[in-house]
Amino acid sequence: MSIKLTPSDALLLVDVQNDFCPGGALAVAGGDAVVPVLNEWIESARQGGAKVFASRDWHPPDHLSFADRGGLWPPHCVQNTPGAAFHSELELPEGAVVVSKADQADHEAYSAFDSGELAEQLRAAGIERLWVGGLATDYCVKASVLDATQIPGLEVHVIAAAIRAVDVAPGDGEAALEAMREAGAILENATPA
Ligand code: VGL
Ligand code: ZN
């Protein structure tokens, strides 16, 4: 099956940043493999007049999620560093809206919906279907998808081929898929037209 995107569709690219790709500070196995898949969806969005949103993890150097502050993670996605940049092969279209998150030192935010701005932008644009891919399945993709499923009238599709998990514990990625399905998201195997 192939999907044709329309102006009432939006694509949400979650944290496709260097630090989550091989060689990065918090590398996700196969993280860069989401890029060519997402580029196809981006092209389809361009052709169909769908909106494109790209979230980014955007931490200050003293973010509370970093190990030196007792957090879970090595320093990653520090604002204005190469690790925080989008993957260089990601073909972000003109007019893509960048959503920065977790940019306050004392607040963690895995969800692209954390600030409330994204939900408002989707509402204002009359978006009825949201297509989500990116990194990482078990953190920011999951948190964003779970929040999206709470928006009345929004159909949420997770692009199966365009997500990869951190898997801090084996099975975390699988559990995240189950949680997203349980919340009403559709795990999508279709390709874009
Ligand atoms: C993420 C761990 C820490 C993510 C962000 O984007 O999934 N994971 N910060
Ligand atoms: Zn982070």
Side-chain angles (χ1 to χ4, degrees), residues 11-35 37-38 41 52-90 92 96-115 117-119 130-149 156-181 183 185 187:
L11 198 53
L12 173 59
L13 316 172
V14 177
D15 301 7
V16 186
Q17 292 167 275
N18 291 325
D19 271 343
F20 297 125
C21 292
L26 183 36
V28 174
D32 53 348
V34 306
V35 173
V37 181
L38 289 173
W41 285 86
V52 179
F53 296 87
S55 70
R56 62 180 180 182
D57 213 27
W58 197 242
H59 297 316
D62 58 345
H63 192 250
L64 85 170
S65 76
F66 296 170
D68 58 1
R69 285 199 58 192
L72 268 183
W73 310 112
H76 62 278
C77 298
V78 174
Q79 294 168 10
N80 301 305
T81 63
F86 291 117
H87 190 286
S88 63
E89 286 162 25
L90 185 68
L92 277 184
V97 176
V98 174
V99 179
S100 299
K101 64 181 173 57
D103 56 355
Q104 303 295 314
D106 297 327
H107 176 66
E108 177 61 304
Y110 289 131
S111 171
F113 290 92
D114 187 67
S115 77
E117 278 172 45
L118 179 55
L130 183 68
W131 304 83
V132 186
L135 306 169
T137 307
D138 36 358
Y139 288 91
C140 290
V141 171
K142 174 180 136 187
S144 301
V145 166
L146 294 182
D147 280 350
T149 61
V156 183
H157 297 254
V158 179
I159 305 168
I163 55 176
R164 290 293 185 281
V166 180
D167 278 331
V168 170
D172 283 357
E174 277 305 314
L177 293 179
E178 191 47 43
M180 292 189 282
R181 259 194 238 109
L187 192 62

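We count residues from 1, following the sequence as given. Remember, it's 1-based here, ligands and their atoms both numbered in the order they're listed.
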Asks: With nothing but distance in play, are any N or O atoms of Ala136 less than 3.5 Å from an N or O of ligand 1?
Replies: yes
Asks: Only heavy atoms of His76, strictly under 4.0 Å: list the atoms of ligand 1 that pass.
Replies: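 Once the distances to His76 are compared, the set is 3 (C), 9 (N).
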Asks: Starting from atom 5 (C) of ligand 1, locate the nearest protein heavy atom and write down its residue, its atom name and how far away it is, to 0.1 Å.
Replies: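 The closest heavy atom on the protein side is Asp57 OD2, 3.0 Å.
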Asks: Using a 4.0 Å cutoff against the non-hydrogen atoms of Leu135, which atoms of ligand 1 qualify?
Replies: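 With Leu135 as reference, the close atoms of ligand 1 come out as 6 (O), 7 (O).
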Asks: Short question: side chain of Asp19, backbone of Cys77 - any donor-acceptor pair under 3.5 Å?
Replies: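 Side chain of Asp19 to backbone of Cys77: a pair is present.
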Asks: Can you pull out every side-chain hydrogen bond (donor to acceptor under 3.5 Å, both in side chains) where at least one residue sits in residues 168-179? Sequence neighbours excluded, please.
Replies: Glu178-Arg181
Asks: Which bit of Val166 is near ligand 1, meaning a heavy atom under 4.0 Å away: side chain, backbone, both or neither?
Replies: neither
Asks: Under the criterion side-chain contact (heavy atoms from CB on, under 4.5 Å), I'd like the reasoning laid out for Val99 against Arg56: C-alpha separation, chi angles, the key distance, then a yes or no.
Replies: CA-CA 6 Å; Val99 179; Arg56 62 180 180 182; over 6 Å; no
Asks: So what's near the Zn ion (ligand 2), protein N, O or S atoms under 2.8 Å?
Replies: Asp57 OD2, His59 NE2, His76 NE2
Asks: When you measure from the side chain of His59 to the backbone N and O of Ala102, does any donor-acceptor pair fall under 3.5 Å?
Replies: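 Checking the backbone N and O of Ala102 against the side chain of His59, a donor-acceptor pair under 3.5 Å is found.
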Asks: Going from CZ on Phe53 to CZ on Phe113, what distance comes out if it is rounded to the nearest 0.5 angstrom?
Replies: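 With rounding to 0.5 Å, CZ (Phe53) is 9.0 Å from CZ (Phe113).
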Asks: Between the side chains of Arg69 and Asp62, is the shortest nitrogen-to-carboxylate-oxygen separation below 4.0 Å, so that they form an ion pair?
Replies: no
Asks: Looking only at non-hydrogen atoms, which of Val14, Val28, Asp15 approaches atom 6 (O) of ligand 1 most closely?
Replies: Asp15
Asks: How close does the nearest protein non-hydrogen atom get to atom 8 (N) of ligand 1, and which residue and atom is it?
Replies: Tyr139 CB, 3.7 Å
Asks: Between the side chains of His87 and Asp32, is a donor N or O closer than 3.5 angstrom to an acceptor N or O?
Replies: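 No, because no side-chain N or O of His87 sits under 3.5 Å from a partner of the opposite role on Asp32.
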Asks: Among Val14, Leu177, Val158, which residue satisfies the side-chain contact (heavy atoms from CB on, under 4.5 Å) criterion with Thr137?
Replies: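 So, applying the side-chain contact (heavy atoms from CB on, under 4.5 Å) to Thr137 and each of Val14, Leu177, Val158, only Leu177 qualifies.
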Asks: Non-hydrogen atoms of Gln17 versus ligand 1: any pair closer than 4.0 Å?
Replies: no
Asks: Dump the intermediate steps for side-chain contact (heavy atoms from CB on, under 4.5 Å) on Trp131 and Leu12, then the final yes or no.
Replies: CA-CA 6 Å; Trp131 304 83; Leu12 173 59; over 6 Å; no
Asks: In terms of atom number and element, which parts of ligand 1 are under 4.0 angstrom from non-hydrogen atoms of Cys140?
Replies: 1 (C), 4 (C), 5 (C), 6 (O), 7 (O)
Asks: Between the side chains of Asp114 and His107, does any donor sit under 3.5 Å from an acceptor?
Replies: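 Indeed, the side chains of Asp114 and His107 share at least one donor-acceptor pair under 3.5 Å.
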